[in-house]
Amino acid sequence: MTDRELADLAYAMLEKSYVPYSKFPVGAALLCADGTVFTGCNVENAAYGSTICAERTALVKAVSEGHRDDFVRLAVVGDSADYCWPCGACRQMLYEFAPELELLVGKGDRSFTKLKLSDLLPHGFGPKSLG
Ligand SMILES: O=c1ccn([C@H]2C[C@H](O)[C@@H](CO)O2)c(=O)[nH]1
Ligand SMILES: [Zn+2]
C-alpha cells in the first residue's frame, strides 16, 4: 500500500468523525505488516474528557483484534490549514507498541508529511522504562 493510499483511507474517515463539540474531524489509518489496515475517527462526548482521538480509535481497534508488534505506518489527518499533529495522549499510547512507527500527518488540502513517532516523542516512557 502506498503512502497516498493509506492517507486517503484516513481522509475517508473524516466523514465518520463524531464532532458536534469541536467541529474538528480527524481521521486515521493504521497499516499492519500483513497489509491489514485499521481505520479510526475521533468520537466526542458531552463529557468532553471522554472523547477519543482518531489515532487511538484505530490503535485500540487493532490491538483488540490481536495486532500488537506489527504496526508499520499510521496516517493521521485533519481538515484544517495546519497539519493534524497527534496529541500527547496519542503519542504516548502509540509509543507503547511502536516507538519507531512511521507517521503520515495530513491537513485539509490532502497533502501530508512523513516522520517518525520518535521525532514527536523523543526519550519516551515505554515498557522498557519499567525495567
Ligand atoms: O491527536 C489528536 C488530537 C485531537 N483529536 C481530536 C479530539 C477532538 O475530537 C478534536 C479537537 O481536539 O480533535 C484527534 O482525534 N487526534
Ligand atoms: Zn490524540
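Each ligand, and each atom within it, is numbered from 1 in the order the structure gives.
For atom 4 (C) of ligand 1, the closest non-hydrogen atom on the protein side is Cys53 SG, 3.9 Å. Looking at atom 15 (O) of ligand 1, its nearest protein heavy atom turns out to be Ala54 N, 2.9 Å. Summary of contacts: the protein heavy atom closest to atom 6 (C) of ligand 1 is Asn42 ND2, 3.4 Å. Here the heavy atom of the protein found nearest to atom 16 (N) of ligand 1 is Glu55 OE1, 2.8 Å. In this structure, atom 8 (C) of ligand 1 lies nearest to the protein heavy atom Glu44 OE2, 3.3 Å.
When the shell of 6.0 Å around NZ of Lys61 is examined, it contains more than 12 heavy atoms from other residues, nucleotides or ligands. When the shell of 6.0 Å around CZ of Arg4 is examined, it contains more than 12 heavy atoms from other residues, nucleotides or ligands.
Under 4.0 angstrom from ligand 1, the non-hydrogen atoms of Cys87 come from both its backbone and its side chain.
Evaluated for a side-chain contact (heavy atoms from CB on, under 4.5 Å) with Leu31, the options Asp70, Val72, Leu104 yield exactly one hit, Val72.
Screening residues 78-104 for ring pair (Phe, Tyr, Trp, His ring centres under 6.0 Å), with sequence neighbours left out, gives Tyr83-Trp85. Contacts classified as ring pair (Phe, Tyr, Trp, His ring centres under 6.0 Å) and involving residues 8-53 (residues at least two apart or in different chains) are given here: Tyr21-Tyr48, Phe38-His67.
Against a heavy-atom cut-off of under 4.0 Å, Pro86 is close to the following atoms of ligand 1: 1 (O). Heavy-atom contacts of Thr51 reach the following atoms of ligand 1: 9 (O) (cutoff under 4.0 Å).
Here the shortest heavy-atom distance to atom 11 (C) of ligand 1, taken over Ser22, Pro20, Ser17, Gly88, belongs to Ser22. Proximity annotation for atom 13 (O) of ligand 1: of Tyr18, Tyr21, Phe24, Phe24 comes nearest, heavy atoms only.
Side-chain contact of Asn45 with Thr51: a donor-acceptor pair under 3.5 Å is absent, judged by distance alone.
Heavy atoms only, all atoms of each residue included: Cys41 and Ser17 are closest at CB-OG, 3.5 Å. Residues Ser129 and Gly124 share a closest heavy-atom pair of OG-O, 4.0 Å. Taking both residues in full, the closest heavy atoms of Met93 and Val60 are given as CE-CG1, 4.4 Å, listed atom of the first, atom of the second, then distance.
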Please list every donor-acceptor pair under 3.5 Å in which a side-chain atom of residues 108-118 meets a protein atom from a residue at least two apart or in another chain.
from	atom 1	to	atom 2	distance (Å)
Asp109	OD1	Ser111	N	2.9
Asp109	OD1	Ser111	OG	2.5
Asp109	OD2	Ser111	OG	3.4
Arg110	NH1	Asp79	OD1	3.0
Arg110	NH1	Gly108	O	3.2
Lys114	NZ	Asp3	OD2	2.7
Lys116	NZ	Glu100	OE1	3.1
Ser118	OG	Glu100	OE1	3.1

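When atom types are taken as modelled, the side chain of Glu44 and the backbone of Lys23 share no donor-acceptor pair closer than 3.5 angstrom.
Protein nitrogen, oxygen and sulfur atoms, that is N, O or S, within less than 2.8 Å of the Zn ion (ligand 2) amount to 3.
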